[in-house]
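Numbers restart at 1 for each chain; the letters A, B, ... are given by sequence-line order, proteins then strands.
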Number of protein chains: 2
Amino acid sequence: MRDIYTRKSPRSGDCLIDKMGYYLELSRQDIDHLADLQRQEQTWRVRDVVREMGAPTEMFYVVKTGWCFSYTIMADGRRQVLQIHHPGDVIGIPDIAYEHAVTGLQAATDICLCPFPKSRLDTIFTDSPRLTALIMTLGMIDHVVLLDRIRTIGRMNADERVAHFLLEILSRLRITNPDVGDSFELPLSQELIGDTLGLTNVYVSRTLSLMERAGLIERIDRSIRIADEQGLRDMADFQDRYYRIDTSWFPGGALEKLSAGA
Amino acid sequence: MRDIYTRKSPRSGDCLIDKMGYYLELSRQDIDHLADLQRQEQTWRVRDVVREMGAPTEMFYVVKTGWCFSYTIMADGRRQVLQIHHPGDVIGIPDIAYEHAVTGLQAATDICLCPFPKSRLDTIFTDSPRLTALIMTLGMIDHVVLLDRIRTIGRMNADERVAHFLLEILSRLRITNPDVGDSFELPLSQELIGDTLGLTNVYVSRTLSLMERAGLIERIDRSIRIADEQGLRDMADFQDRYYRIDTSWFPGGALEKLSAGA
DNA sequence: CGTGATGTTGAGGTAGGTCAAGTCCCGTGG
DNA sequence: CCACGGGACTTGACCTACCTCAACATCACG
């Protein structure tokens with residue numbers, strides 16, 4: 001199911017550096033830059049709103065611990081969850097095009113984020129073309145994951161949507177934590193999952209129960225075991241967008257060639 | 001409905017330069033770069049497939065004339081249209097993260113595209129930080145438009161989806177052609193509109209008929225007149241993502257300040 | 001003139017929504 | 001320590017927005 005693609009930098013225990021280092025051999029300077037983004041920390045409790053829709057977009061955030069999510073709400077209360085953010089993710093880049101945030105940001109668990117001002121990216125852009133290319137590429141991965149989501153919501157039925165969702169979470173987790181195996185904690189309410197997939201909490205509940213009875217997954221509290229990964233992949237037409245990316249065009253090719261043999 | 005935001009460079013008749021120039025005061029060199037991307041031209045007929053899903057991603061395309069669209073197809077034939085591309089759009093940037101195209105590309109009308117290799121962007125990146133920032137920002141606009149689409153498909157019913165879709169097309173057209181007023185040619189089959197919005201061709205037909213009977217739109221063949229723009233905006237909770245963007249953080253601030261008074 | 005792509009309309013079916021009741025769990029406060 | 005309240009999950013009964021299938025009309029094109 002997975003081939004021999006290998007992590008490019010050793011794990012450090014810092015999730016941003018781990019995520020970046022999964023794709024790229026990081027220089028000492030790159031690591032310093034990434035550490036620099038995480039000097040400030042701030043915590044929120046479950047269900048706290050970190051940033052309202054329409055707030056000025058001065059800050060980006062790096063997720064240090066916990067899960068949070070971006071969403072929009074319509075006047076009558078209908079909510080659509082747009083993205084789930086995990087440790088190591090950088091939040092806010094799409095907002096650079098606008099003066100006010102187009103999405104809200106809320107804590108799905110207790111979380112610790114590292115806010116940093118837009119301007120901090122400038123130094124990275126001028127100092128490290130490789131890191132810049134990686135940041136852009138990670139943005140494009142997010143983009144492609146959104147395309148998958150559109151296909152999922154637009155053309156798949158409930159069980160296919162849920163299957164795809166679970167697999168997407170799993171592959172995302174595997175980047176920073178290769179040891180997850182086939183089970184993981186899913187600290188998201190079924191209402192939130194429904195608002196992500198264009199379903200209701202009620203139907204998510206029914207669907208998960210059915211999938212469990214069908215032997216596709218197992219559940220204990222909020223932990224999920226993917227019992228039949230290939231079965232889920234087949235039904236959801238799933239492709240892993242995180243596992244392997246194309247870095248061949250990145251600047252600084254010499255370094256790249258060195259690590260390509262790994 | 002629209003305030004006094006003004007185009008930053010004069011119209012040139014070239015749609016890529018017009019689109020870029022709408023947001024930014026372009027230098028002579030910038031214009032040369034953009035013209036350079038469009039040296040090669042190639043044409044396709046309606047329904048021709050320009051690029052299959054899974055094809056190697058060596059080329060980007062600038063749309064010169066006509067409309068085309070990106071899509072995915074599932075094994076059983078279900079299709080999801082992901083993006084409609086208009087003259088002036090650059091196609092393919094999300095694919096840089098992968099070696100093979102994650103979407104297909106097909107002509108919705110007879111079209112003329114300008115293919116150019118990935119590497120051609122390099123020179124822009126090193127020569128013009130302002131243009132680079134604009135290209136990134138346009139990518140982020142696409143991203144936000146996708147977020148709107150997800151909300152539309154995930155949480156709105158058929159008439160709201162169609163209303164939102166029509167308004168989105170209209171605001172996109174207004175960038176390069178401020179004279180569209182309230183009517184435009186919509187050279188898209190109802191099946192394609194359905195595949196964009198997660199509906200069937202049959203239900204798109206019914207919905208359009210209902211909207212016409214309600215006095216929201218008028219139709220003659222495939223031309224659409226938006227008869228009640230405010231009404232449509234209210235029902236679809238529409239926000240124009242193309243009209244105005246934040247360029248305040250772009251490098252080369254001096255030039256920006258000069259034009260800020262406009 | 002035939003063929004295929006497109007749009008319209010009708011009849012009937014179903015996936016998923018809505019509403020509601022009941023359970024479990026955990027955090028808080030007395 | 002217990003009582004309470006709110007968040008989360010489950011299950012049942014009923015409903016409806018949208019789908020499916022099908023027939024028919026129109027039009028462009030070779």
Regarding B:Asp240 and B:Arg174, does a basic nitrogen lie under 4.0 Å from an acidic carboxylate oxygen? no

Can you tell me how far P of C:dT14 sits from OH of A:Tyr203, to the nearest Å? 13 Å

Would you list the pairs meeting ring-ring contact (aromatic ring centres under 6.0 Å, His included) in which at least one residue belongs to residues 89-116 of chain A, sequence neighbours left out? A:Phe60-A:Phe116

Any residue in residues 147-158 of chain A with a heavy atom nearer than 4.0 angstrom to DNA chain C? Just list them by number, or reply none. A:Asn157, A:Ala158

Using atom CZ of A:Arg222 as one end and atom P of C:dC26 as the other, report the distance to the nearest whole Å. 11 Å

Gap between atom CD of B:Glu160 and atom CG of B:Leu232 - 0.5 Å precision: 11.5 Å

Can you sort out the partners of A:Thr65 under side-chain contact (heavy atoms from CB on, under 4.5 Å), two or more places apart, ordered by chain and number? A:Cys112

Please report, rounded to the nearest Å, how far the P atom of C:dG16 is from the CD atom of A:Gln190. 16 Å

B:Ser12 versus B:Asp18, side-chain donor and acceptor atoms under 3.5 Å: yes

Quick check for you: to the nearest 0.5 Å, what is the distance between A:Arg79 atom CZ and A:Leu192 atom CG? 5.0 Å

Of all nucleotides in DNA chain D with an atom under 4.0 Å from a non-hydrogen atom of chain B, which is the first and which the last going 5' to 3'? D:dA17 to D:dC21

Take the protein atom CG of A:Asp76 and the nucleotide atom C1' of C:dT18, then report the distance between them rounded to whole Å. 15 Å

For nucleotides 9-11 of chain C, print each protein N/O atom paired with a nucleotide N/O atom at under 3.5 Å, atom names and distance only.
residue	atom	partner	partner atom	Å
C:dG10	N7	B:Arg206	NH1	3.2
C:dG10	N7	B:Arg206	NH2	3.3
C:dG10	O6	B:Arg206	NH2	3.0
C:dA11	N6	B:Arg206	NH2	3.1

Return the value, rounded to whole Å, for the distance between atom CG of A:Asn201 and atom P of C:dG17. 9 Å

Rounded to the nearest 0.5 Å, what's the gap from NZ on A:Lys19 to CG on A:Asn177? Could you check? 14.5 Å

Once you round it to whole Å, what is the distance between C1' of C:dG17 and CZ of A:Arg78? 13 Å

Between A:Gln106 and A:Arg47, is there a donor-acceptor pair closer than 3.5 Å when you use the side chain of the first and the backbone of the second? yes

Could you tell me which residues satisfy side-chain contact (heavy atoms from CB on, under 4.5 Å) with A:Arg219, sequence neighbours excluded, listed by chain and number? A:Gln190, A:Leu208, A:Ser209, A:Glu212, A:Ile217, A:Ile224

Do A:Asp89 and A:Arg172 meet the salt-bridge criterion of a basic N to acidic O distance under 4.0 Å? yes

Under 3.5 Å between N/O atoms: give me all the protein pairs with nucleotides 2-5 of chain C, atom names plus distance.
residue	atom	partner	partner atom	Å
C:dA5	O3'	B:Arg47	NH1	3.2

Distance in angstrom units between A:Leu197 CG and C:dG17 P, rounded: 11 Å

Under 4.0 Å between any heavy atoms, over every strand shown, what does A:Gly198 touch: base, sugar-phosphate, or nothing? Just pick one. sugar-phosphate

Counterpart residues, salt bridge (charged side-chain N to carboxylate O under 4.0 Å, His left out), relative to A:Asp76 (two or more places apart): A:Arg78

In chain order, what residues pass the ring pair (Phe, Tyr, Trp, His ring centres under 6.0 Å) check against B:His85, with sequence neighbours excluded? none

Can you confirm whether B:His143 sits close enough to A:Asp142 that some side-chain heavy atom of one is under 4.5 Å from a side-chain heavy atom of the other? yes

Residues from residues 80-87 of chain B lying under 4.0 Å of DNA chain C - heavy atoms: none

From A:Thr109 atom OG1 to A:Glu185 atom CD, the distance as rounded to the nearest 0.5 Å: 11.0 Å

Five pairs at each end of the helix from C:dC1-D:dG30 to C:dG30-D:dC1: take the axis at both ends and give me the angle between them to 10°. 40°

Does B:Arg219 reach a base, just sugar-phosphate, or nothing at all? Heavy atoms under 4.0 Å. sugar-phosphate

Using a strict cut-off of less than 4.0 Å between a Lys/Arg side-chain nitrogen and an Asp/Glu carboxylate oxygen, indicate whether B:Asp95 and B:Arg51 qualify as a salt bridge. yes

Taking the side chain as every heavy atom from C-beta outward, state whether A:Gln83 and A:Arg149 have any atom pair closer than 4.5 Å. no

Identify, with sequence neighbours excluded, every residue that meets ring pair (Phe, Tyr, Trp, His ring centres under 6.0 Å) alongside B:His164. B:Phe238

Look up atom OG1 in B:Thr152 and atom CG in B:Leu146, then write down how far apart they are to the nearest 0.5 Å. 11.0 Å

Between B:Asp159 and B:Arg45, the residue closer to the 5' end of DNA chain D by nearest nucleotide is B:Asp159

Given atom CG of A:Leu210 and atom C1' of C:dG16, what is their separation to the nearest angstrom? 13 Å

Side chain to side chain, B:Thr196 and B:Ile84, heavy atoms closer than 4.5 Å: yes

